[in-house]
Protein chains: 2
Amino acid sequence: MSLRQIAQSLGVSITTVSRALAGYSDVSAATRERVVAEAHRIKYVPNEVARRLQRGRADGIGFIVPGGARGFDDRYFLNMVEGAWWRLSGTEVDLLVLSSDQGPTEALTYRRIVEGGRVDGLLVPRIRENDSRIDYLCEVGFPFIAFGAEPSHPKAYAYVDIDTEAATAEAMRHLAELGHRSVALLSSDEPMVFARSREAAFLKAAAGLGISTTILCGKLAEASGFAMMSELLARPDRPTAAISITDRIGIGAVRAVREHGLTVGPDMSVITFGDNPVVAFMHPPMTAISIPVQAMTAHAVDYLLARRDRADAPLTRIWKTELIVRESTAAPRGRSLASDLPLAV
Amino acid sequence: MSLRQIAQSLGVSITTVSRALAGYSDVSAATRERVVAEAHRIKYVPNEVARRLQRGRADGIGFIVPGGARGFDDRYFLNMVEGAWWRLSGTEVDLLVLSSDQGPTEALTYRRIVEGGRVDGLLVPRIRENDSRIDYLCEVGFPFIAFGAEPSHPKAYAYVDIDTEAATAEAMRHLAELGHRSVALLSSDEPMVFARSREAAFLKAAAGLGISTTILCGKLAEASGFAMMSELLARPDRPTAAISITDRIGIGAVRAVREHGLTVGPDMSVITFGDNPVVAFMHPPMTAISIPVQAMTAHAVDYLLARRDRADAPLTRIWKTELIVRESTAAPRGRSLASDLPLAV
DNA sequence: CTGTTAGCGCTTTCAA
DNA sequence: TTGAAAGCGCTAACAG
C-alpha cells in the first residue's frame, strides 16, 4: 500500500496522488475524488518513516530519562510523561521515552538522539550544575527545554521551573505562624540545580522570618529521608519542623517520625515539595507544596512543537505552586500560638 | 555529517564507507581504519530515519495508552512505561508512548501506527471483550503482546497476565482465616477482560470456602470506590470485607470507611489488587495483591524484540502474584478466630 | 492542472 | 576488495 499502487491503478503519476492526498488545491476535483476513493479502497496509510526522511523532520518529541541505576526513580518523571503524552494525543507527533546513562557515554547518547534525527525536540529534566548536556544542545542549536533552570549558564535557553522562592517562603510562613522557630531542610547533595535553589530559598526565607536553620543532605529516596529524619530526631536541640525537597524523602521522613514513637505534626511537622498523589493518602496526609508538573510539561511540549516551524526566542516560564495544608503540620507541642509570635519583617 | 561527506573526503565510494562502518569483513583493514578515523573526526552519527526506511524496520516499540478522557488513569500504565523503558535502555530501540482514543477512530489510529511503520511491535494493555484491536492485529500479522488475556478469542495471540484465580483464592483464604464469612468485590462494569476474570475468580474462590458474596460495579476511580463502599456500608447485612479489583477503587473505599467513622480492618477489611506503592503508605497500610507489572512488561518487550527477527510462536506467560498482608485486613469485630472456623474444602 | 526529475541518507544486490 | 546502480516511499522543484 504505497502511493505507487494508487498511481498505477489509476494511471496517474505518483506526484498527482501525493498532491491529491495532501489536499493541495492545484489538482482537479475529479482527479482528487478518484484518488481519494482509491486510497480509501485499498486502505492506504502513508509510510511515516519515508515521510520523515523526505521532510527532514522526525515528528517526535523525546523525553530523556536519566538512566543508570536511577531511571524512573521518582513519580515526577511519570507525571512528566503523562503531561507530554496528553498534549501529544491527537497530533501526528510521537512521544519517545529515551534513556541516557550519566557518565562518559552520555554525550554520545545525546548526539545519537539529536543528530540521528529521531526527534524534533527534547525535554531535559533534572538539570545539573555546569550541565554539559545544556552546553551541547545550545551549541548545535537543537530545540530543547530544560526542567529547572541553571541561572548561571552563559547562554540563554528555554526552561520551565517553579517559583522556588515564593513556594518556600509560603511554606516557611505557614510554619512560623504555627509557632515553629527552628526548621530543617532535608535535601540532597547530588549535583542537581533544583536542590541548590531550594536550599538557597530556604535560607533566605528563614532569615526573613528569624527562624534558625539546619540543612541535611542525602539521596533522593525514602530510605535516605528516613535516615536524615532519624539523625534529626537524635539531636537534643532538634528542630520542630522539616521541609523535604522531594516526595520520596518526605515519605521516608514521616515514617521515621512514626517509628520513633512520635506524632507527625505536634512532635515534628513535615512539608514536602510534592507531585505525588501518595502524600494526600498517607498517615497523616502530608502538607505539600504542589508542583503542576503535568501542566508544565504540556507547556514545554507546546514550545517544542512551535519551535519546529520557527525559531522562537527561548521560552522561560515560572510556575506558581500551591501550599496544600494537611495534617502533617501543626503547632509544636508546648508552644505558643501564632498570635503572640514576633513575626519578623 | 553523512556517509557522503566521509566518502568525499577520503575519495572512496559511499558503499565502502557504509561497509567499513558496519564492520563488514570484506573491506581492507587499511581502508576501514581510514574510514573509521574520518568518521570519528567529523563526529559522524548515522541518520536513524534513513536507516529505518532502508531496512524496513522501525527500531521502536509502541505502548498504546487508551486515550480520551481516561488516558493514564492508573499508575498501572506508568509502571508499564517504566518496565518497558528499563528493558529498552541501552538498546537502539525506542519506546514510543502512543495514544488511541476509543471509538470509531480507534481502528484508524491503529492502522496508522502499524502500517505507517512507526514501530516494530506493540504493547496493548486493557484488553476488552471481543476486542477489535486484537482482531485487526492478528489479521495483519503484526507483532503485539496483550496485557490480560481474552481467553475466548478464536486466534491464539501473545499475552502476559497474572494468575488471577490463584491470587484471588489466596486473598479469600486470608480473609476466611481471619473469620470473614461475607465478602464483597468492588469491580467495574466497563468492558475489560481483567474485571470479568477477577469477578469469576472471586465467585469461584468464595464458593470453595463457603463465603457469601456481593459484587458491586462502578468505574475505575477513587470516587467510584468511595461510592461503592458507601453503598456497602449502608446495608444492614453488610459484608465484613471487600476486595477491590484496582488500587484506585481500593483507595476510595478505604477513605469511605474512615469517613463513616469506622475502622478499616475490624469494621471493614479491604484488600486491593495493587501495583501502586501508594497503598503501603496509606492509613492504614493496605493489604494488597502485588502484581509484578514492570517485570511483566520487560518480558513482553523481550518477546517483541525477538519477534522482529523471527516469527516465534505466540508467547503466553502467567505470573504469580504475592499477597502482602498489611493492616487493612483484620478479624471482623465480634467474630471468632480462625481456629474454630469450619473451613470448607 | 499534471508529469518528470531529483533526492532525503542509507543499505544491498550485482559487477568488476 | 571496491564501486556503480537501484531503491526503501515519499515530497518538492521545475517544467509543460
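So that the names make sense, note that chain A is the first sequence line, chain B the second, and so on, each numbered from 1. Source: prediction; values computed, not measured.
Here C:dG9 presents its C1' atom at 13 Å from CD of B:Q8, a figure rounded to the nearest Å. For A:R34 and C:dC1, the CZ to C1' distance is 14 Å, given to the nearest whole Å. The CG-P distance, from B:L53 to C:dT11, rounds to 11 Å in whole Å. One can place CG of B:L21 at 16 Å from P of C:dG9, the figure rounded to the nearest angstrom.
Cation-pi geometry between B:R317 and B:W319 is satisfied (NZ or CZ under 6.0 Å from the ring centre, within 45° of the ring normal).
For B:D302, the CG atom is densely surrounded, since the number of other residues' heavy atoms within 6.0 Å is greater than 12. At most 12 non-hydrogen atoms from other residues, nucleotides or ligands lie less than 6.0 angstrom from CD of B:E33.
Scored by the side-chain contact (heavy atoms from CB on, under 4.5 Å) test, A:A107 finds no partners at all (sequence neighbours excluded). Judged as a ring pair (Phe, Tyr, Trp, His ring centres under 6.0 Å), and not counting sequence neighbours, the contacts of A:Y157 are A:F144, A:H153.
Ring geometry for A:F77 against A:F63 counts as tilted: the plane angle lies between 30° and 60°, on a 0 to 90° scale.
B:V49 comes within contact range of no nucleotide atom at all, as no heavy-atom separation falls under 4.0 Å.
With D:dT1, D:dG3, C:dT2 as the choices, the nucleotide that has an atom nearest any side-chain atom of A:T31 turns out to be C:dT2.
OP1 or OP2 of C:dT2 has not a single side-chain nitrogen or oxygen of A:S13 nearer than 4.0 Å.
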*asked:* One character per nucleotide, please: for nucleotides 10-16 of chain D, 5' to 3', B when the base has a protein heavy atom closer than 4.0 Å, S when only the sugar-phosphate does, - otherwise.
replied: BBBB---

